[in-house]
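Encoded as structure tokens, the structure appears first; notes follow it.
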Amino acid sequence: MRIDCPHCGERGSAEFSYLGAADPKRPAANASAEAWHDYVYLRENPAGPLRELWQHVHGCRQWLVVTRDTRNHLVLGVEVCRGRAV
Amino acid sequence: MAFCQSGPAMGYSIFSLIRHALTGNRHWTPVWRDPEPKEFYDTIMVGRGGHGLSTAYYLAKEHGVTDVAVVEKGYLGSGNVGRNTTIIRSNYLLPHNTHFYEKSLQLWEGLEQDINYNAMVSQRGVLNLYHSDSQRDAYARRGNAMRLAGADSELLDREQVRAMVPGLDMENGRFPIRGGLLQRRGGNVRHDAVAWGYARAADRRGVDMLQNTEVIGIRVEGGRVKGVETTRGFIGANRVGLAAAGNSSRVAAMAGLRLPIETHVLQAFVSEAVKPLVHQVVTYGAGHFYISQSDKGGLVFGGDLDGYSSYAQRGNLPLVEDVMESAVQLFPQVSRLRYLRQWGGVMDMSMDGSPIIDRTPIEGLFLNCGWCYGGFKATPASGWCFAHTIATGTAHALNAGFRLDRFATGAVLSEAGHGAQPNKH
Ligand SMILES: Cc1cc2nc3c(=O)[nH]c(=O)nc-3n(C[C@H](O)[C@H](O)[C@H](O)COP(=O)(O)OP(=O)(O)OC[C@H]3O[C@@H](n4cnc5c(N)ncnc54)[C@H](O)[C@@H]3O)c2cc1C
Ligand SMILES: [Zn+2]
């Protein structure tokens with residue numbers, strides 16, 4: 001599996017570390033316990049395209065949003081992760 | 001009795017084996033039926049892996065619930081029950097886990113008599129190596145927790161390990177082996193035979209096995225489950241139990257549920273056959289690696305998850321390299337072996353690394369999932385507890401901690417303490 005880093009070019013997945021789904025949005029600090037539970041624990045876990053957070057730890061160290069098909073590991077798109085706390 | 005018949009109605013014995021051997025093994029008959037789906041069952045199990053099968057069996061045996069169908073999208077053993085590395089053990093730390101897995105080990109010990117099937121339960125011992133003082137302390141604590149829960153454990157020093165597993169590289173420069181935590185009652189079980197044995201035993205108690213029948217919807221009316229939509233039509237039921245392992249999130253989503261689960265890929269490997277090298281299951285304490293040897297002589301080994309969400313049932317090369325490096329660190333002589341086969345399975349990784357056996361907010365719908373990479377050893381106790389939960393509507397004491405709402409209440413069960421990060425468990 002290879003990921004095309006916008007800064008470094010196409011690199012093997014072993015250069016990156018994985019955090020998980022990119023779409024759960026961090027609730028406000030005073031949000032309900034239920035909202036925090038949803039954010040921390042519940043996942044869509046789709047069989048198909050998934051937007052996820054990878055960090056190029058052995059390269060530019062940027063956080064990336066990688067869209068990848070979980071059925072066949074095809075990388076469908078890579079963007080730099082901007083304007084959000086990871 | 002007809003000389004050559006040994007159909008579903010008859011048990012296996014040394015006499016039936018001899019009889020069939022003398023007639024060239026030409027007269028064995030299918031050991032379970034292939035029935036047409038009925039319109040309605042009291043209880044439907046979704047997923048015919050180890051857990052769906054054992055649940056059906058214990059529903060019939062322990063609770064007299066025999067109007068049961070087990071619905072499977074593929075063939076018997078196509079999921080993780082036929083893909084795992086067959087290790088059984090009860091060497092956990094947290095009370096809910098130790099008691100549950102110890103129950104499972106006890107059920108394994110009586111399983112072959114119970115289901116009249118040779119599952120090749122081999123209590124060859126599971127040895128977890130330690131490589132530092134702090135790791136020894138952690139294993140001593142774990143061993144004590146195991147004994148408090150009624151399981152067996154022994155803390156071995158370096159010389160005891162050397163004598164027990166002569167092939168190990170004890171003096172590894174980076175991670176010398178200082179000793180190990182041994183559970184003698186742990187070991188291996190032939191995984192396919194577990195699926196076949198439970199399928200046959202459940203079939204004989206009247207359970208219908210429906211293969212090539214994919215569940216594509218779950219019908220819920222007024223907060224109550226009514227049955228399942230399948231590729232062979234709608235089948236009604238009073239109760240539906242989900243045991244779909246790596247596909248749990250997808251099946252639960254059919255009933256509108258979101259689960260604390262991510263699906264990840266785990267790989268395993270088998271080498272060419274060699275003379276006896278490892279008589280136990282040995283795990284590496286300084287890397288994620290474990291190894292045992294099959295009766296045919298192949299070394300069976302595996303390691304960590306690949307580390308990313310996957311439904312592909314196959315992994316990638318970095319993990320292969322990592323596993324091979326660990327193998328050579330422990331047993332340098334295997335560097336000259338070739339590996340024959342490699343495969344992957346999709347794991348239902350829960351957010352705290354422990355399983356879920358519980359009711360759901362939908363009346364009549366029950367959930368069994370979150371087995372991570374350790375659900376094979378759980379097969380008997382999982383089915384036993386899930387059958388209890390389905391039949392009585394309440395959890396047994398043994399699965400009382402495996403609640404779905406524990407993530408909301410804060411009563412998580414995390415052996416590793418890594419937080420809600422499934423690729424780290
Ligand atoms: C490489 C590897 C090594 C492992 N090693 C060990 C080990 O040494 N020890 C240990 O304890 N555990 C181990 N495990 C984990 C263990 O195999 C699993 O936790 C356990 O098998 C899961 O339960 P199961 O047997 O019921 O799953 P499965 O056999 O996967 O059963 C689930 C079934 O549900 C079916 N299904 C899914 N969706 C649908 C649908 N919509 N309709 C109908 N049917 C559906 C699937 O086809 C599948 O047959 C390992 C797993 C892997 C992959
Ligand atoms: Zn980069």
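Chain naming here is simple, since letters A, B, ... match the order of the sequence lines and numbering starts at 1 in each. Remember, predicted model here, so these are calculated numbers, not experimental data.
The shortest non-hydrogen separation linking B:N316 to A:H73 is ND2-ND1, 3.6 Å.
With rounding to the nearest 0.5 Å, the separation of OH in B:Y308 from CG in A:L50 is 13.0 Å. The structure places CD of A:E44 at 10.5 Å from CG of B:L259, a figure rounded to the nearest 0.5 Å. Here B:M349 contributes atom CE and A:R43 contributes atom CZ; the two are 13.0 Å apart, rounded to the nearest 0.5 Å.
Residue B:V346: no heavy atom, backbone or side chain, is found under 4.5 Å from chain A. The contact between B:Q421 and chain A is made entirely by side chain atoms (from C-beta outward), counting heavy-atom distances below 4.5 Å. Of the atoms belonging to A:W36, not a single heavy atom falls under 4.5 Å from chain B. If you measure heavy-atom distances from A:A33 to chain B, you find no contacts under 4.5 Å at all.
Between A:D38 and B:R258, the closest side-chain pair of non-hydrogen atoms falls below 4.5 Å. The side-chain heavy atoms of B:R250 and A:N45, taken from C-beta on, include no pair separated by under 4.5 Å.
When each of A:R71, A:E34, A:M1 is scored by its heavy-atom pairs under 4.5 Å with chain B, the top score falls to A:M1. Put simply, of B:G410, B:A420, B:P318, B:A408, the one with the most heavy-atom pairs under 4.5 Å next to chain A is B:A408. Annotation: maximal heavy-atom pairing with chain B below 4.5 Å, among A:S17, A:G20, A:G48, A:A47, occurs at A:A47.
For the residue pair A:Y18/B:S309, the side-chain donor-acceptor check at 3.5 Å is satisfied.
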